[in-house]
Amino acid sequence: MRRFKWAMLLSLLLSHVVIAEGFKHNVVFPKGETSTILRGSVIRGDLDTYILYAKANQTMTVELASLQDNAAFTIYAPNGSTLPNAGEGDDATQWNGELPLKGKYKIVVGGTRGNAEYALTIQIQ
């Protein structure tokens, strides 16, 4: 019975823990434009996610600038795999290439050292 009470107490405590996730944003290009600049900031441990839809064989360019060169991104294809040189641990700040699949791409931005303010430029042609 004592074990059960501890388990219940631990369960209640953990259910109230809030984990910071940053935000998710659907990318919409201005009418008639093929690129956009998105500005944001992440606190240490947060990740901002940008979601956009693209067609296979389109060319995408992504550039990330941060005030203290302390932000990087990861790009996920619709099948969940990361794009070459823009994977987890690559600390990518620039990427250009042909998109392999039609569907929803995710660009996830995070800080590499502490808090980071950034400008994310996305272009699709």
Side-chain angles (χ1 to χ4, degrees):
M1 186 64 133
R2 187 175 191 161
R3 218 180 234 176
F4 177 75
K5 287 181 183 178
W6 278 108
M8 287 298 292
L9 179 60
L10 182 61
S11 175
L12 285 171
L13 289 172
L14 291 177
S15 69
H16 288 40
V17 173
V18 177
I19 298 174
E21 294 182 4
F23 72 94
K24 291 184 180 177
H25 177 76
N26 288 321
V27 177
V28 178
F29 294 99
K31 188 171 183 167
E33 299 293 324
T34 60
S35 68
T36 188
I37 299 174
L38 306 162
R39 298 182 193 287
S41 62
V42 288
I43 61 172
R44 185 178 186 159
D46 276 1
L47 298 172
D48 288 350
T49 302
Y50 295 91
I51 300 168
L52 62 114
Y53 292 86
K55 297 176 184 173
N57 303 317
Q58 285 186 302
T59 299
M60 182 166 73
T61 301
V62 180
E63 295 180 0
L64 181 67
S66 56
L67 293 175
Q68 298 178 354
D69 292 326
N70 62 339
F73 61 77
T74 301
I75 304 174
Y76 295 92
N79 64 3
S81 66
T82 57
L83 297 182
N85 301 313
E88 296 172 14
D90 286 334
D91 287 344
T93 58
Q94 295 184 9
W95 189 87
N96 184 347
E98 190 174 288
L99 298 175
L101 302 168
K102 175 184 175 184
K104 179 171 65 173
Y105 285 81
K106 293 181 185 179
I107 302 170
V108 180
V109 177
T112 57
R113 300 180 318 279
N115 302 343
E117 291 185 38
Y118 64 85
L120 179 68
T121 303
I122 305 170
Q123 179 178 30
I124 295 186
Q125 297 179 346

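Predicted model only: the values in this text are computed from it and were never measured.
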For the pair Leu64 and Trp95, evaluate side-chain contact (heavy atoms from CB on, under 4.5 Å) and give the outcome as yes or no after the intermediate values.
-> CA-CA 9 Å; Leu64 181 67; Trp95 189 87; over 6 Å; no
Beyond-backbone contact of Ser81 with Tyr76, side-chain heavy atoms, under 4.5 angstrom | no
Is there a path from Phe29 to Phe73 through hydrophobic residues (I, L, V, M, F, W, Y) whose side chains come within less than 4.5 Å of each other?
-> yes
Is the closest side-chain heavy-atom distance between Asp46 and Ser41 below 4.5 Å?
-> no
Between Ala116 and Gly111, the two heavy atoms sitting closest are CB-CA, 4.2 Å
Evaluate the side-chain proximity of Asp48 to Leu120: yes if any heavy-atom separation is below 4.5 Å, no if none is.
-> no
Do Leu99 and Leu83 come within less than 4.5 Å of each other through their side chains, counting heavy atoms only?
-> yes
In this structure, are over 12 heavy atoms from other groups packed under 6.0 Å from Arg113 atom CZ?
-> yes
Locate the shortest heavy-atom distance separating Ile75 from Ile107; write the atom from each residue and the value.
-> CG1-CG1, 4.2 Å
Checking side-chain contact (heavy atoms from CB on, under 4.5 Å) for the pair Asn96/Thr59: CA distance, chi angles, key distance, verdict?
-> CA-CA 7 Å; Asn96 184 347; Thr59 299; 3.4 Å; yes
Would you check if the side chain of Asn70 reaches a backbone N or O of Asn115 as a donor-acceptor pair within less than 3.5 Å?
-> yes
Verify same cluster id: Val27, Leu101 (apolar side-chain graph, 4.5 Å) | yes
Nearest heavy-atom approach of Ala92 to Ala86 is CB-CA, 4.0 Å
Between Pro100 and Tyr105, the two heavy atoms sitting closest are CD-OH, 3.4 Å
Smallest heavy-atom separation, Val109 atom then Val42 atom, equals O-CG1, 4.0 Å
Considering residues at least two apart in sequence or located in another chain, which fulfil the side chain to side chain donor-acceptor pair (under 3.5 Å) criterion with Tyr50?
-> Tyr118
State the CD-CE distance between Gln123 and Met60, to the nearest 0.5 angstrom.
-> 11.0 Å
Heavy-atom closest contact (Glu88 atom, Thr82 atom, distance) = N-CG2, 4.3 Å
If you measure from CD on Gln94 to OG1 on Thr61, what distance do you get to the nearest 0.5 Å?
-> 9.5 Å
Separation between CD1 of Ile37 and CD of Glu63, rounded to the nearest 0.5 Å = 9.5 Å
